[in-house]
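Below is one structure; the comments refer to it alone.
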Amino acid sequence: QAKDAESETPIVFQADMRERTQRRLELESDLRSAVTEQQLLLHYQPKVILSTGQISGFEALVRWRHPTRGMISPAEFIPNAENNGLIVEIGQWTLEEAMRQLQSWTEAGIVTSSTNMAVNLSTRQFQDRTLLEAIRRVLEERSSVAANLTLEVTESALIGNMELAKQKLDALRGLGVRLDLDDFGTGYSSLHYLHRLPFHSLKIDQSFVRSLEESEESLAIARSIIQLGASLNMCVIAEGVETAQQRDRLIGLGCRYGQGYFFSKPLPAAQMEKLLRDRQNS
Ligand code: C2E
Ligand code: MG
Ligand code: MG
Ligand code: MG
């Protein structure tokens, strides 16, 4: 294989890397205009009571409709937005849009007044100094549904300075926000701290749910998280429930809430609205 004389890196790889770097740089500059050009949109996925399928809330998941590249998933642009700081602006838009939607659905009677809306916060957003003020403003603006906002935080946002994280979480809790610990089991939560943090729910990461039937380890981890939640008085939500078998197994383990393709994929607002109306009518 051809190699560059100096670097020893095969030339085809260099080309490949160059292409990827190029794509990343292009996306980054495009992302700057994504918010102002209204290219971002939210999909909504229901959170349900496993045994009945009844909807207890929604999670808002951001998407980017790129003018030439089509739909881009958050896994591809959120890390980028984290690095260059654009996540703060994107996060603000997400929060405002999700709460606007919740208010609209609640007022239209499409959802009950206790239905929750969950918004994801990435590490940089969680650590941003303007977070509390931004949340306070949105809650003021959407006062009729202010009690129904949930923020999902991952463990990685908490590591480093647990005391500081606790202060931040307590302050958010003080605003009346519900806090869920996302992707639980994949990070580094100190169990020692967990009981002191004001989380309402633990979300079992989908990697454990996916292999529930095949892997003894996943089963053991899911069981432990469900027991931990019970003893800490926290709700437990299973992510990524795709089959009836997984649902039944989770119910058997004592897990009350779930989310996943088995119940519904994340859908654009209009489609979710149709699904909700059809349910009401049946
Ligand atoms: P997450 O918060 O853990 O979201 C769950 C992810 O699992 C979503 O992927 C969802 O579409 C997907 N999912 C749900 N049910 C199933 C299932 O049954 N099977 C499988 N295979 N997947 C399922 P998505 O929408 O691509 O989002 C990926 C991640 O991007 C999210 O993970 C979250 O960390 C981040 N993200 C999404 N929207 C936002 C946002 O508005 N702000 C921030 N900061 N992060 C976001
Ligand atoms: Mg989440
Ligand atoms: Mg998750
Ligand atoms: Mg995740």
Side-chain angles (χ1 to χ4, degrees), residues 31 34-35 39-48 50 53 55 57-65 71-102 116-128 131 134-135 138 149-157 178-187 189 199-213 222 225 235-247 250 257-269 271-272:
L31 191 55
V35 179
Q39 293 165 4
L40 297 181
L41 67 156
L42 296 181
H43 283 186
Y44 298 90
Q45 185 178 41
K47 296 185 178 181
V48 306
L50 286 171
I55 294 174
F58 297 93
E59 177 172 4
L61 295 154
V62 72
R63 304 285 181 264
W64 178 14
R65 198 189 290 119
M71 209 64 107
I72 303 181
S73 91
E76 196 167 347
F77 67 89
I78 295 281
N80 213 314
E82 276 264 295
N83 287 331
N84 60 29
L86 280 171
I87 189 64
V88 175
E89 204 181 320
I90 292 172
Q92 181 64 27
W93 177 83
T94 301
L95 182 66
E96 283 169 11
E97 177 61 13
M99 290 305 275
R100 186 198 61 73
Q101 189 60 254
L102 180 64
N116 240 262
M117 182 61 77
V119 172
N120 292 283
L121 282 190
S122 54
T123 303
R124 179 131 175 196
Q125 288 175 274
F126 180 71
Q127 288 165 354
D128 193 82
L131 175 70
I135 302 276
V138 172
L149 173 64
T150 299
L151 294 176
E152 296 192 4
V153 182
T154 57
E155 295 165 86
S156 47
R178 204 175 94 169
L179 300 163
D180 287 1
L181 192 48
D182 205 353
D183 302 349
F184 187 70
T186 60
S189 286
F199 284 105
H200 183 274
S201 313
L202 301 175
K203 296 189 78 175
I204 307 176
D205 189 68
Q206 50 186 320
S207 58
F208 306 119
V209 176
R210 189 178 309 131
S211 48
L212 211 50
E213 299 298 315
I225 295 176
C235 292
V236 177
I237 306 170
E239 299 191 79
V241 181
E242 293 186 354
T243 67
Q245 288 89 317
Q246 290 167 347
R247 178 203 55 190
L250 287 159
Y257 297 93
Q259 203 179 348
Y261 297 170
F262 178 70
F263 301 103
S264 168
K265 289 202 170 184
L267 296 173
Q271 261 170 273
M272 182 53 71

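Numbers here are sequence positions counted from 1. Whatever order the structure lists them in is the order used to number ligands and atoms, beginning at 1.
The shortest separation from a heavy atom of Arg63 to ligand 1 is under 4.0 Å, placing the residue in contact. Residue contact annotation: Glu239 has a non-hydrogen atom under 4.0 Å from ligand 1. Under a 4.0 angstrom heavy-atom cut-off, Glu82 registers as lying outside contact with ligand 1. Proximity of Gly240 to ligand 1 is established by a heavy-atom distance of less than 4.0 Å. Pro266 counts as a contact of ligand 1, since one of its heavy atoms falls under 4.0 Å from the ligand.
Among all heavy-atom pairs drawn from Trp93 and Leu41, the shortest one is CH2-CA, 3.6 Å.
The Mg ion (ligand 2) is closest to atom OE2 of Glu59 (considering only N, O or S atoms). If you look at Asp182 and ask which of its N, O or S atoms sits nearest the Mg ion (ligand 2), the answer is OD2.
One of the N, O or S atoms belonging to Glu152 lies under 2.8 Å away from the Mg ion (ligand 2). The Mg ion (ligand 2) has an N, O or S atom of Asn120 inside 2.8 Å of it.
Of the polar atoms of Asp182, at least one N or O is found under 3.5 Å from an N or O of ligand 1, judged by distance alone. Note: no N/O pair closer than 3.5 Å links Ala60 and ligand 1 by distance alone. Residue Arg210 has no N or O atom closer than 3.5 Å to an N or O atom of ligand 1.
Using modelled atom types, one side-chain atom of Gln125 and one backbone atom of Ser122 make a donor-acceptor pair closer than 3.5 Å. Between the side chain of Glu155 and the main chain of Gly185, a donor-acceptor pair closer than 3.5 Å is present. Gln246 places a side-chain N or O within 3.5 Å of a backbone atom of Thr243 that can act as its donor or acceptor partner.
Atom CD of Gln39 has more than 12 heavy atoms from other residues, nucleotides or ligands within 6.0 Å.
Inter-residue side-chain proximity for Trp64 and Leu40 is flagged as met; some heavy-atom pair is nearer than 4.5 Å. Under the 4.5 Å side-chain criterion, counting only non-hydrogen atoms from C-beta, Cys235 is in contact with Tyr257. Taking the side chain as every heavy atom from C-beta outward, Ile78 and Asn120 never approach each other to under 4.5 Å.
Ligand 1 places these atoms under 4.0 Å from at least one heavy atom of Thr94: 41 (O). For ligand 1, the atoms closer than 4.0 angstrom to any heavy atom of Asp183 are 3 (O). Against a heavy-atom cut-off of under 4.0 Å, Gly260 is close to the following atoms of ligand 1: 15 (N), 18 (O). Against a heavy-atom cut-off of under 4.0 Å, Gln45 is close to the following atoms of ligand 1: 14 (C), 15 (N).
In this structure, the separation between CZ on Phe77 and CZ on Arg63 is 8.0 Å, given to the nearest 0.5 Å.
For Asp205 and Thr186, the side-chain atoms include no donor-acceptor pair closer than 3.5 Å.
Of the options Val209, Val48, Leu212, Val241, a side-chain contact (heavy atoms from CB on, under 4.5 Å) to Arg247 is made by Val241 and by none of the others.
Between OD1 of Asp183 and OE1 of Glu239, the angle at the Mg ion (ligand 3) works out to 140°, rounded to 10 degrees.
For atom 37 (C) of ligand 1, the nearest non-hydrogen atom from the set Leu42, Thr154, Leu61 belongs to Leu61. Taking all heavy atoms of Glu76, Glu242, Lys265, Gln246 into account, the minimum distance to atom 20 (C) of ligand 1 is reached by Glu242.
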_Trace of the side chain to side chain donor-acceptor pair (under 3.5 Å) decision for Gln245 with Glu213_ = CA-CA 8 Å; Gln245 288 89 317; Glu213 299 298 315; over 6 Å; no

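At a heavy-atom cutoff of 4.0 Å, ligand 1 is contacted by the side chain of Gln125 but not by its backbone.
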